[in-house]
Amino acid sequence: DTEVTQTPKHLVMGMTNKKSLKCEQHMGHRAMYWYKQKAKKPPELMFVYSYEKLSINESVPSRFSPECPNSSLLNLHLHALQPEDSALYLCASSQDGRVNQPQHFGDGTRLSIL
Amino acid sequence: EDKVVQSPLSLVVHEGDTVTLNCSYEVTNFRSLLWYKQEKKAPTFLFMLTSSGIEKKSGRLSSILDKKELFSILNITATQTGDSAVYLCAVEVYFTNAGKSTFGDGTTLTVKP
């Protein structure tokens, strides 16, 4: 088990559904990240929040909408996803995005789009 | 565009062997290079390298960075079956208020008994 907790662990949804992925950490980290990882591929950065503000958006389609309600929580709201969005979604956190610190990853949410 | 290339992509060895994994990069505004180990789920942190020529060591694992030639190596000595995993190299670059990571494709290491 990691110190970054992601829920749910698995999610199956239809293309018209709306769902949210949740990520929580209680390490006092002020940078949080969303990655998408397809099978046998490396993680690809989607979003970075630093001090609860969106710092990086890697040209992610608007059907993915991130939210950082406080310093411990990070959500990813999903709407009208496509089958190619099926992947493992990883959340990570680091102490402070402005300085060199390693990222701590959650176990991910495995998302399947029908 | 930032690029991180790992080699080999896969490697099969026997217990007790020593392996060297490679990571080369071409990025703008280098901040750090990190190695992670990924088994079934979350990547776990191994090393962070920021300065050339300083070896980082943890048990049987060690790593070093060459900022002039733009590469890093990860060495594992006396390999064990528990070392079987995907080893990911990530390079962080400076970005507004945050670091931005690009990962290589990973090296899949299989250690046979």
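Quick note on labels: first sequence line is chain A, next is B, and so on, each numbered from 1. Side chains are part of it too, since the values below use all heavy atoms of this structure and drop only hydrogens, waters and symmetry mates.
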Inter-chain contacts: residues 101-113 of chain B against chain A, heavy atoms under 4.5 Å
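Within residues 101-113 of chain B, the residues under 4.5 Å from chain A are B:Ser101, B:Phe103, B:Gly104, B:Asp105.
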
ask   = By number, which residues in residues 45-55 of chain B have some heavy atom less than 4.5 Å away from chain A?
value =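 Within residues 45-55 of chain B, near chain A: B:Phe45, B:Met48, B:Thr50.
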
Residue part contacting chain A, namely of B:Gln6, when any heavy atom lies under 4.5 Å |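 For B:Gln6, no heavy atom lies under 4.5 Å from chain A.
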
Taking B:Phe71 as the starting point, is it possible to reach B:Tyr25 by hopping between hydrophobic residues whose side chains are less than 4.5 Å apart?
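No: no chain of side-chain contacts under 4.5 Å links B:Tyr25 to B:Phe71.
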
Under a single-linkage definition using a 4.5 Å side-chain heavy-atom cutoff for Ile, Leu, Val, Met, Phe, Trp and Tyr, are A:Leu76 and A:Met13 assigned to the same hydrophobic cluster?
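They do share one cluster, since a chain of ILVMFWY contacts under 4.5 Å joins A:Leu76 to A:Met13.
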
Which portion of [X] sits near chain B, non-hydrogen atoms under 4.5 angstrom:
| X | answer |
| --- | --- |
| A:Glu58 | side chain |
| A:Gln37 | side chain |
| A:Tyr49 | neither |
| A:Tyr51 | neither |

Next item on the list: Evaluate the side-chain proximity of A:Met27 to A:Val4: yes if any heavy-atom separation is below 4.5 Å, no if none is.
Entry: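 In contact.
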
Heavy-atom pair count under 4.5 Å with chain A, highest-scoring of B:Lys100, B:Glu92, B:Lys40: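 Of the options given, most contacts go to B:Lys100.
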
_Can you see whether A:His77 engages A:Ser20 through a side-chain donor-acceptor pair at a distance of less than 3.5 angstrom?_
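A pair is found: one side chain offers a donor N or O, the other an acceptor, under 3.5 Å apart.
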
Euclidean distance, [Y] [atom2] relative to [X] [atom1], rounded to 0.5 Å:
| X | Y | atom1 | atom2 | result |
| --- | --- | --- | --- | --- |
| B:Leu21 | B:Tyr87 | CG | OH | 7.5 Å |
| B:Leu88 | B:Cys23 | CG | SG | 10.0 Å |
| A:Glu84 | A:Lys36 | CD | NZ | 7.0 Å |

Name of the residue among B:Leu74, B:Leu61, B:Ile73 meeting side-chain contact (heavy atoms from CB on, under 4.5 Å) with B:Trp35
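Of all the options given, the one that passes is B:Leu74.
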
For chain B, which candidate among A:Pro43, A:Ala92, A:Ala31 shows the most heavy-atom pairs at distances under 4.5 Å?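 Result: the option with the highest number of such pairs is A:Pro43.
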
If we define contacts as heavy-atom pairs under 4.5 Å, which of A:Leu45, A:Val48, A:Asn100 has the most with chain B?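 Ranked by contacts with chain B, first place is A:Asn100.
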
For residues [X] and [Y], report the shortest heavy-atom separation together with the two atoms involved.
| X | Y | result |
| --- | --- | --- |
| B:Ala78 | B:Arg60 | O-NH1, 3.2 Å |
| A:Met15 | A:Leu114 | CG-O, 3.4 Å |
| A:Ser93 | A:His29 | OG-ND1, 2.8 Å |
| B:Arg31 | A:Val99 | NH2-O, 3.1 Å |

Notebook entry, point to check: Would a line drawn from the ring center of A:Phe47 to the ring center of A:Phe64 be shorter than 6.0 Å?
Noted result: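 No: the rings miss the under 6.0 Å criterion.
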
